[in-house]
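Presented below is the structure to which this report refers.
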Amino acid sequence: MQKKIRAGLFWFVLLQPFLDFYWFYNPPLSEIFHFSIPTIFRILAVAVLVGLYFSQKRNWQILKKQWWIIAYIGLIVVYTIVHLWHVRHFNSISPNSYGYSAGQEIFYLIRMFLPLVIIYLTEASHFSEKTVIRTIQALVGTFSGIIVITNLFTFSLGSYGGWIKENIFGWFFGPHLSFFYTASKGFFNFANTTSAILFMLVPLMAYVLVKEFNWINITLFTLQSLSMVMLGTKTASLGFGLACVIFAIAYLVHCLLVKDIKFSWKLVATVAIIGGLYAALLPKSPMLSRSNLDAKITETREKSKKPESEDKLNKKLAKGLKKNKGANRRKFLITFIKKYYPNYSLNQKFVHKSYPYQRDPEFWHKVMKWPVASRLNNRQVEQAMLDQIIHKNNSSLDKWLGISYVRMSNIFNLERDFKSQRYTLGIIGTILFLGVYVAILIYAIVYWFTKKNCRTLLISSLILANGLAIAAAYYSGNVMDFLTATIILGFFNGYMLSQVNERKKNKRIA
């Protein structure tokens with residue numbers, strides 16, 4: 001039975017890239033059921049794995065001794081009940097309470113819990129290092145292979161929408177199109193999620209290259225570097241170089257201080273060549289193209305705003321507000337914002353859909369007073385909208401229990417995980433659902449320093465991978481709420497936990 005569980009988990013993890021294909025989350029496939037097909041499949045698959053695991057009496061006996069697991073599940077159940085009770089009523093400017101649905105919120109909480117189940121099952125399954133290496137190879141090969149092939153043949157989805165019109169060779173010899181038509185994400189749904197996964201896999205793939213230095217792994221590592229530059233996000237494009245530097249430091253520590261591996265000039269030379277290829281691509285990459293464009297837009301807006309546009313508009317606004325009082329002031333503001341919000345560099349989606357200006361013109365009036373760079377910073381505006389919504393609700397419990405994921409997603413997903421969940425789940429929910437990943441990481445780091453037997457390059461690589469995933473989630477968002485990323489993260493967290501737990505007892509590991 002244990003072999004069946006390991007095999008089921010192995011194939012379940014390998015299926016994750018395919019369950020992230022764009023078509024599953026868009027019509028017509030997204031309209032077949034009330035919830036997405038991949039999420040329904042994942043819930044059923046995890047339920048089957050749990051059923052197989054607890055079909056063994058021995059595993060029930062083990063769980064009865066793990067009082068901390070039982071206590072944690074109890075806290076999750078209590079939190080869920082209190083959270084759903086709190087968010088059911090909400091004071092808002094939205095006539096439908098921002099589309100809140102108790103059913104969808106319960107579904108979200110189940111999604112947040114699934115990766116934690118994967119952590120538990122993986123830790124208990126005692127995977128061999130060889131199986132985990134094959135998992136890493138398969139994930140890197142699938143994600144990177146799809147991105148690179150679809151880019152070369154120019155039938156990839158664009159990382160920022162639409163389809164690409166130029167492949168990697170066009171960066172150097174083509175018409176040099178906008179990053180919108182060159183940054184490619186293969187067939188995957190979210191570029192940020194895919195970026196975070198590949199970022200996490202860099203130290204793991206580097207470990208595989210150290211462990212099995214051959215042409216297959218050299219090819220996979222090269223594909224990974226190419227795909228991350230092609231993605232065009234900062235997390236992916238800069239992340240490959242950053243992750244390689246961090247892993248190189250870990251490699252030297254293990255060669256010179258821990259002395260559990262031997263230094264290899266052949267390996268270093270190979271990685272240096274791959275790094276050189278990566279460095280040569282970076283100046284022509286979509287990421288740099290986007291950064292340069294954003295900088296130019298901000299500079300142009302700041303230079304032109306006072307003499308030509310905003311100065312005159314601000315005077316007109318001040319004059320109108322002075323002239324109009326009470327209900328007339330609101331009418332004037334609504335008319336002014338409707339006509340001139342583009343002049344203030346405000347995002348159309350934010351103004352019209354996320355937090356409609358007609359319902360709270362005073363909020364957008366405050367935002368219009370911000371510096372241009374702040375108005376162009378989507379994350380800053382997203383957070384301001386959520387803060388305003390919480391202010392309107394006027395409940396001290398929002399801080400601890402959240403306002404619900406459903407409400408936030410119908411407004412706009414804040415692109416900064418941990419902060420995002422602080423709004424949706426509250427501080428208590430964030431600690432319960434996301435604190436596990438941080439706690440396991442700290443646990444592994446503590447034992448790496450205090451237990452000599454835990455100081456292996458494998459555990460170091462797992463610590464780096466899980467740490468980079470958390471860093472990417474905080475920096476770019478769209479990670480911790482998405483099962484493709486969290487199931488893979490849960491698997492490697494569980495494996496890291498099993499490695500540390502077995503090695504701290506001085507057990508020999510296969």
Side-chain angles (χ1 to χ4, degrees), residues 87 90-100 294-295 297-399 402-404 407-416 418-424 426-427 477:
V87 300
F90 201 79
N91 299 316
S92 70
I93 62 169
S94 169
N96 67 347
S97 193
Y98 305 107
Y100 175 73
D294 288 346
I297 290 172
T298 303
E299 185 181 356
T300 302
R301 294 281 190 187
E302 287 179 339
K303 283 182 179 179
S304 65
K305 66 173 184 176
K306 296 210 171 180
E308 296 177 22
S309 178
E310 280 192 36
D311 239 10
K312 291 180 181 178
L313 289 175
N314 286 338
K315 288 176 183 177
K316 184 175 181 178
L317 177 60
K319 187 178 179 181
L321 292 174
K322 189 176 180 181
K323 183 179 177 182
N324 295 280
K325 303 295 181 183
N328 288 334
R329 171 190 168 92
R330 182 182 176 87
K331 288 178 182 178
F332 170 77
L333 259 180
I334 289 172
T335 303
F336 185 90
I337 294 168
K338 180 181 180 181
K339 187 174 181 180
Y340 295 113
Y341 79 86
N343 299 68
Y344 287 86
S345 307
L346 297 177
N347 187 315
Q348 182 182 11
K349 191 180 288 184
F350 292 165
V351 176
H352 283 278
K353 186 180 178 183
S354 299
Y355 196 68
Y357 70 94
Q358 304 97 322
R359 292 180 186 147
D360 193 358
E362 292 291 348
F363 168 76
W364 289 109
H365 178 215
K366 290 177 184 177
V367 174
M368 284 155 60
K369 295 178 181 178
W370 290 3
V372 174
S374 297
R375 281 179 258 144
L376 288 168
N377 186 330
N378 284 345
R379 287 191 180 101
Q380 194 169 337
V381 181
E382 289 162 11
Q383 190 166 337
M385 289 189 294
L386 291 170
D387 286 337
Q388 181 71 357
I389 286 161
I390 288 175
H391 173 72
K392 290 282 185 183
N393 187 45
N394 194 27
S395 171
S396 58
L397 288 177
D398 287 344
K399 177 181 179 182
I403 65 171
S404 89
R407 283 196 182 96
M408 190 193 74
S409 60
N410 285 328
I411 298 162
F412 207 91
N413 283 322
L414 178 62
E415 296 176 295
R416 182 144 286 171
F418 294 92
K419 276 191 175 183
S420 172
Q421 286 77 24
R422 192 192 73 193
Y423 287 103
T424 60
I427 292 173

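Scope of the values below: all heavy atoms of this structure, side chains included, with no hydrogens, waters or symmetry mates. If you read the sequence from its start, that first residue is 1, and numbering goes on from there.
A distance of 4.0 Å separates OH of Y98 from CD1 of I389, quoted to the nearest 0.5 Å. Distance check, rounded to the nearest 0.5 Å: CD1 of I411 to CG of N413 gives 10.0 Å. N328 CG to L333 CG: the interatomic distance, rounded to the nearest 0.5 Å, is 11.5 Å. Atoms CG and CD1, from D398 and I390 in turn, are 5.5 Å apart once rounded to the nearest 0.5 Å. A distance of 3.5 Å separates CD of Q383 from OH of Y423, quoted to the nearest 0.5 Å.
Between G320 and F332, the closest heavy-atom pair is CA-CZ, 3.4 Å. The two residues R407 and S97 come nearest to each other via the heavy atoms NH2-OG, 2.9 Å. Across all non-hydrogen atoms, the minimal contact from L414 to M408 is N-CE, 3.9 Å. Heavy-atom minimum distance, Y357 versus I334: CE1-O, 3.4 Å. Nearest heavy atoms, K322 versus K325: O-CE, 3.3 Å. For the residue pair R330 and Q358, the shortest heavy atom distance occurs at NH2-O, 3.0 Å.
When ring centroids are compared, Y355 and F363 come within the 6.0 Å threshold.
In this structure the side chain of F336 reaches within 4.5 angstrom of the side chain of L313, judged on heavy atoms. Between M368 and Y340, the closest side-chain pair of non-hydrogen atoms is not below 4.5 Å. The closest side-chain heavy-atom distance from L317 to L321 is below 4.5 Å. Side-chain contact between F412 and K353 is absent, with no heavy atoms from C-beta onward closer than 4.5 Å.
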Criterion side-chain contact (heavy atoms from CB on, under 4.5 Å) on K392 and R359, from CA distance to verdict: CA-CA 12 Å; K392 290 282 185 183; R359 292 180 186 147; over 6 Å; no
Determine whether Q388 and D360 satisfy the following criterion, side chain to side chain donor-acceptor pair (under 3.5 Å), listing intermediate values before the conclusion. CA-CA 10 Å; Q388 181 71 357; D360 193 358; 2.8 Å; yes
side-chain contact (heavy atoms from CB on, under 4.5 Å) evaluation trace for Y344 with I337: CA-CA 9 Å; Y344 287 86; I337 294 168; over 6 Å; no
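A donor-acceptor pair is defined here as one N or O able to donate and one able to accept, closer than 3.5 Å; no such pair exists between the side chain of R375 and the backbone of N347. Between the side chain of S420 and the main chain of R416, no donor-acceptor pair closer than 3.5 Å is present.
Looking at K419 and E382, no side-chain N of the basic residue comes within less than 4.0 Å of a carboxylate O on the acidic one, giving no salt bridge.
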